[in-house]
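Okay, so here's the structure we're looking at.
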Amino acid sequence: MSTLAGRPLLVTPSSPAPPVEALVARVRGAWRRSVLLRAAVTAPALLVAAAVLLAAIDLLFPLRAAAREILRLVPLLVFGGYVGWAVFRVTRTPPARSFALLAEERVPALENRLVTALELGAAPAEGPVARAFLADAARRLSAVDLRGVSPARLRAPALLLGGAAGVIALFALVFPGAAAQAWERWTDPRDAYESAWREARAEALPTVPTPPVPGFDELRWRVEPPAYSGLAPVEGRGGEPAPALPGSRIRLRSRFADRW
């Protein structure tokens with residue numbers, strides 16, 4: 001029999017172990033649920049976002065069929081990679097001390113009792129002070145509220161998923177022909193029928209008029225005969241004939257509407 005804060009406590013060395021282990025197990029379970037829930041939202045978000053990015057690149061800079069054949073696997077690889085990483089984290093669970101430290105960080109009411117009790121519980125408690133501490137820790141840990149100890153943090157992946165899905169829905173609604181052609185280009189990559197894709201891109205992308213080639217208002221020429229001829233340079237313009245001997249140097253000048 002020992003006392004703590006004026007109250008008698010009847011303890012045995014093994015009495016504090018169940019509450020400590022139970023609390024660590026609860027923290028571990030909350031952490032596992034948050035990791036799996038985050039993966040369930042983040043993996044589809046990355047898949048859809050990668051697909052939208054590849055389709056946008058192909059829309060702006062059309063890719064060859066061989067490139068699309070390889071790149072279309074990227075969204076699936078990103079999806080599977082994130083899911084595999086989450087499963088790997090859950091199956092290779094960190095030690096109990098890591099979850100105890102996580103709980104101490106997120107639940108200030110623990111006041112470092114969980115980590116201390118976990119370390120003392122690894123060996124039989126010796127002395128009345130240690131046994132009294134374990135008993136008091138067991139009593140306090142049994143009433144701890146662990147809500148929020150391991151939040152899933154789903155806001156960012158949910159926004160990414162919703163935004164990417166919204167872009168797909170809006171594009172399919174506004175440009176149905178381009179959306180259908182884009183889907184076919186990635187599900188069945190081929191270099192044939194590029195004219196159909198050019199028409200689809202013209203539907204989705206704003207038309208930029210090609211500036212016309214400026215016309216010549218006037219064309220002038222100068223012929224410098226070779227030295228062996230002893231002739232003076234000859235100048236002319238427009239459609240006048242330009243007499244030139246072998247070895248002559250000819251210089252042309254064109255005048256646009258605003259400059260030479």
(request) For residues E235 and R220, determine if any side-chain heavy atom of one lies less than 4.5 Å from a side-chain heavy atom of the other. (result) no

(request) Look up atom OG1 in T187 and atom CZ in R68, then write down how far apart they are to the nearest 0.5 Å. (result) 10.0 Å

(request) Report the residues that fulfil side chain to side chain donor-acceptor pair (under 3.5 Å) with R72, sequence neighbours left out, ordered by chain and then residue number. (result) E69

(request) Return the set of residues passing side chain to side chain donor-acceptor pair (under 3.5 Å) with R32 (not counting sequence neighbours), or none when no residue passes. (result) T93

(request) Enter the distance from L73:CG to L54:CG here, rounded to the nearest 0.5 Å. (result) 10.5 Å

(request) Kindly indicate whether the side chain of R185, heavy atoms from C-beta on, has any atom under 4.5 Å from the side chain of P62. (result) yes

(request) Name all residues meeting the side chain to side chain donor-acceptor pair (under 3.5 Å) criterion together with S34; count only those two or more places apart in sequence or in a different chain, and write none if there are none. (result) S150

(message) Give me the atom names and distance for the closest heavy-atom approach of P246 to P226.
(response) O-CG, 3.5 Å

(request) Could you tell me which non-hydrogen atom of A158 sits nearest to which non-hydrogen atom of V41, and how far apart they are? (result) N-CG1, 3.9 Å

(request) Measure the CG-CG distance between D58 and L71 for me, rounded to the nearest 0.5 Å. (result) 9.5 Å

(message) If hydrophobic clusters are built from ILVMFWY residues whose side chains come within less than 4.5 Å, do W183 and L60 share one?
(response) no

(request) List in chain and number order the residues that pass side-chain contact (heavy atoms from CB on, under 4.5 Å) with A56, two or more places apart in sequence or in another chain; answer none if no residue qualifies. (result) none

(message) Which Ile, Leu, Val, Met, Phe, Trp or Tyr residues join L76 in one cluster when any pair of side-chain heavy atoms under 4.5 Å counts as a link?
(response) L47, V48, V52, F79, V83, V87, L161, V167, I168

(request) Check step by step if side-chain contact (heavy atoms from CB on, under 4.5 Å) holds for E184 and R190. (result) CA-CA 9 Å; E184 183 178 352; R190 290 179 298 173; 3.3 Å; yes

(request) Using ring pair (Phe, Tyr, Trp, His ring centres under 6.0 Å) as the criterion, list what pairs up with W85, not counting sequence neighbours. (result) Y82

(request) Apply side-chain contact (heavy atoms from CB on, under 4.5 Å) to L37 and list each qualifying residue two or more places apart in sequence or on a separate chain. (result) A152, L154

(message) Checking one residue: L245. Which other hydrophobic residues are in its cluster under the side-chain 4.5 Å linking rule?
(response) Y228, L231

(request) Report the residues that fulfil side-chain contact (heavy atoms from CB on, under 4.5 Å) with V223, sequence neighbours left out, ordered by chain and then residue number. (result) W221, A242, A244, S248, I250

(request) Output every pair passing ring pair (Phe, Tyr, Trp, His ring centres under 6.0 Å) with a member in residues 22-70, not counting sequence neighbours, ordered by first then second residue. (result) W31-F99

(request) Tell me, please, which residues at least two apart from A172 pass side-chain contact (heavy atoms from CB on, under 4.5 Å). (result) A179

(message) Can you pull out every ring pair (Phe, Tyr, Trp, His ring centres under 6.0 Å) where at least one residue sits in residues 154-177? Sequence neighbours excluded, please.
(response) F171-F175

(message) Ignoring hydrogens, what is the shortest heavy-atom contact between P157 and A45? Give both atom names and the distance.
(response) O-CB, 3.4 Å

(request) For the pair R38 (side chain) and P151 (backbone), establish whether a donor and an acceptor sit closer than 3.5 Å, ignoring hydrogens and angles. (result) yes

(request) Report yes or no: does T42 contribute a side-chain atom to a donor-acceptor pair with the main-chain N or O of A39 at less than 3.5 Å? (result) no

